[in-house]
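Heavy atoms only: backbone and side chains are in, while hydrogens, waters and symmetry mates are out.
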Amino acid sequence: MADGMCYYIGLDEAGYGPTMGPLVIAATLWQAPADATPDTWYARLAPAAVEPRTPIGRQRPRAAADGTPPPCVIGDSKQVYQSGKGFARLEHSALALLRWCGIKADTWRELFRRLDERGFVDGADLPWFARYDCPLPLPPAEDAMGGAVAASTAALQKVAETAGVSLRDVRCRVLCEPRFNRLVAEYESKGRLLSLQSLALVREFLVLRTDGTSGRVYCDKHGGRDHYLNVLYEVLAPEWIDVVREGRDESRYRFGRPFEGWEICFTARGDRLFPVAASSIVAKYLRELAMVAINRFWRDRVPGLAPTAGYPEDARRMLHAIDTMRESLGIPADWVRRQK
């Protein structure tokens, strides 16, 4: 790595609270100047990337009158997309981020397999995924959206080159209901599942970069907890861990060999940091694509069924409506509903 450069890893999830659909955890790997802390990246990457609270960040992605490509909207995915509103912004930003690091998938199955091979194999037996596929971007606006994504990716790469910020890789964990339920039973809590699976993604990146390079990992706090020492030892198993700080705002740790030079920060409102927000966008996009498949499967079989985003109250409606059909198809209940 060039002198003065540092690796950064951003972590976030989508689907921790819902009853239906997968939990998706995303990790993004970055390289940037060591003095370019992630809270400065919005300024460094403007105008190619903006926060969702800005006026242009609330608009549907379209080129400006002078031909300037639409910016990528990077922030808490819940601010970028809400069920039934804002999917174009989410898709445009997710696909531009993925193409930035060389991940170009033309279909849902191709993207799922590229981001999480194990999750793809695990989900292959689920009837709503078994024969499902769709082009990306989603129809009916795939041609216009595809052009906007390509232009925005080029603009982002150009600005990022000047800023010295590069997105190197993206990986995900897609935990569909059967695997989610098995792991919750094994780990004895949903919170431990989130921490252990998130840190397993971090480890995948770290083991490839034990050549003396330094790095920083940023993520949201898990369940508002302040203490993470035990799970860090459990998953990463360094020779030692230095507790820099454990408190309400952030909990920060430094690692010994083989990950010396690396530290991790669990921070409140982590999605205010660009690498975490980018991971939030990718995780949400992959989850919402999965929900398209789930909703299509059941709506094709239950006339008049309204789609669901999978959150508890509406999931109860969906689960009640599909129960007779589910039983007639021989689909186990824990394939469609999480236990926690």
Side chains of Thr267 and Val276 in contact at under 4.5 Å (non-hydrogen atoms): no
Salt bridge (Lys or Arg N to Asp or Glu O under 4.0 Å), that's the test. Do Lys284 and Glu288 meet it? Break it down for me. CA-CA 6 Å; Lys284 184 68 169 177; Glu288 290 306 315; 3.3 Å; yes
With no hydrogens and no angle check, is any side-chain donor or acceptor of Glu51 less than 3.5 Å from a backbone partner on Val73? no
Audit row: Glu263, Arg254, salt bridge (Lys or Arg N to Asp or Glu O under 4.0 Å) steps and yes/no: CA-CA 4 Å; Glu263 65 177 45; Arg254 293 196 184 104; 3.3 Å; yes
Under 4.5 Å between side-chain heavy atoms, hopping through other hydrophobics if needed: is there a path connecting Tyr311 to Tyr81? no
Test side chain to side chain contact (heavy atoms under 4.5 Å, CB included) on Trp298 and Val336 and set out the steps. CA-CA 11 Å; Trp298 291 112; Val336 298; 3.9 Å; yes
Contact check, side chains of Thr40 and Asp35, non-hydrogen atoms, under 4.5 Å: no
Flag side-chain contact, heavy atom, 4.5 Å: Lys158 against Glu161: no
Heavy-atom check, side chain of Ser251 versus side chain of Lys221, under 4.5 Å: yes
State which residues pass side chain to side chain contact (heavy atoms under 4.5 Å, CB included) with Ala237; sequence neighbours excluded, sorted by chain then number. none
Using the ring centroid of each side chain, check whether Tyr132 and Trp128 are separated by less than 6.0 Å. no
Distance-only, no hydrogens or angles: does the Thr19 side chain make a donor-acceptor pair with backbone N or O of Arg337 under 3.5 Å? no
So that I know where these two stand, are Trp262 and Phe205 an aromatic pair - ring centroids less than 6.0 Å apart? no
With a 4.0 Å cut-off, would you call Asp300 and Arg296 a salt bridge? no
I'd like to know if the side chain of Asn181 and the backbone of Gln339 have a donor-acceptor N/O pair within less than 3.5 Å. yes
Are any of the side-chain heavy atoms of Cys6 and Gln31 separated by less than 4.5 Å? no
Given side chains that start at C-beta, do those of Leu126 and Pro178 come closer than 4.5 Å, heavy atoms only? yes
I want to check something: taking the side chain as every heavy atom from C-beta on, are Trp100 and Thr28 in contact at a cut-off of under 4.5 Å? no
Ser166: side chain to side chain donor-acceptor pair (under 3.5 Å) partners, not counting sequence neighbours: none
So does Ser195 get a backbone contact from the side chain of Tyr187, meaning a donor-acceptor N/O pair under 3.5 Å? no
Asp106 CG: over 12 foreign heavy atoms closer than 6.0 Å: yes
For Tyr218 and Trp30, I'd like to know if the aromatic rings sit close, meaning centre-to-centre distance below 6.0 Å. no
Counting only heavy atoms not in Arg225, do more than 12 sit closer than 6.0 Å to its CZ atom? yes
Would you find a donor on one side and an acceptor on the other, under 3.5 Å apart, between the side chain of Arg287 and the backbone of Ala14? no
May I ask you to decide whether Lys340 forms a salt bridge with Asp334, counting only side-chain N to carboxylate O separations under 4.0 Å? no
Are any side-chain N or O atoms of Ser152 and backbone N or O atoms of Pro70, one a donor and one an acceptor, separated by less than 3.5 Å? yes
Any donor-acceptor N/O pair, Arg326 side chain to Ile331 backbone, under 3.5 Å: yes
For side chain to side chain donor-acceptor pair (under 3.5 Å), just list the numbers for Tyr228 and Glu246, CA-CA rounded to whole Å, side-chain angles, deciding distance to a tenth of an Å, and then say yes or no. CA-CA 9 Å; Tyr228 300 88; Glu246 290 182 325; over 6 Å; no
hydrophobic_cluster_shared for Leu208 and Ile264, side chain cutoff 4.5 Å: yes
Do side-chain atoms of Asn295 reach the backbone of Thr308 as a donor and acceptor pair under 3.5 angstrom? yes
Do Ile74 and Leu45 pass the side chain to side chain contact (heavy atoms under 4.5 Å, CB included) test, and can you show the C-alpha distance, the side-chain angles, and the key distance before you say yes or no? CA-CA 11 Å; Ile74 309 298; Leu45 297 174; over 6 Å; no
With sequence neighbours excluded, tell me which residues meet side chain to side chain contact (heavy atoms under 4.5 Å, CB included) with Tyr285. Phe87, Leu90, Glu91, Ala94, Leu95, Leu111, Leu136, Leu289
Taking only residues two or more places apart in sequence or in another chain, which ones pass side chain to side chain contact (heavy atoms under 4.5 Å, CB included) with Ser280? Asp12, Asp76, Ser77
May I ask you to decide if Cys101's main-chain N or O and Arg168's side chain share a donor-acceptor pair within less than 3.5 Å? no
Side chain to side chain contact (heavy atoms under 4.5 Å, CB included) evaluation trace for Cys172 with Val282: CA-CA 9 Å; Cys172 291; Val282 173; 4.1 Å; yes
All heavy atoms of Phe120 vs all of Phe112, minimum pair found to be N-CE2, 3.5 Å
For residues 195-206, which residue pairs qualify under salt bridge (Lys or Arg N to Asp or Glu O under 4.0 Å), counting only residues two or more places apart or in two chains? Arg171-Glu204, Arg173-Glu204
Using side chain to side chain contact (heavy atoms under 4.5 Å, CB included) as the criterion, list what pairs up with Arg99, not counting sequence neighbours. Lys104, Val149, Ala150, Thr153
Which of parallel (below 30°), tilted (30 to 60°) and perpendicular (above 60°) describes Trp108 and Phe129? tilted
Less than 4.5 Å apart, any side-chain heavy atom of Leu115 and any of Ile103? yes
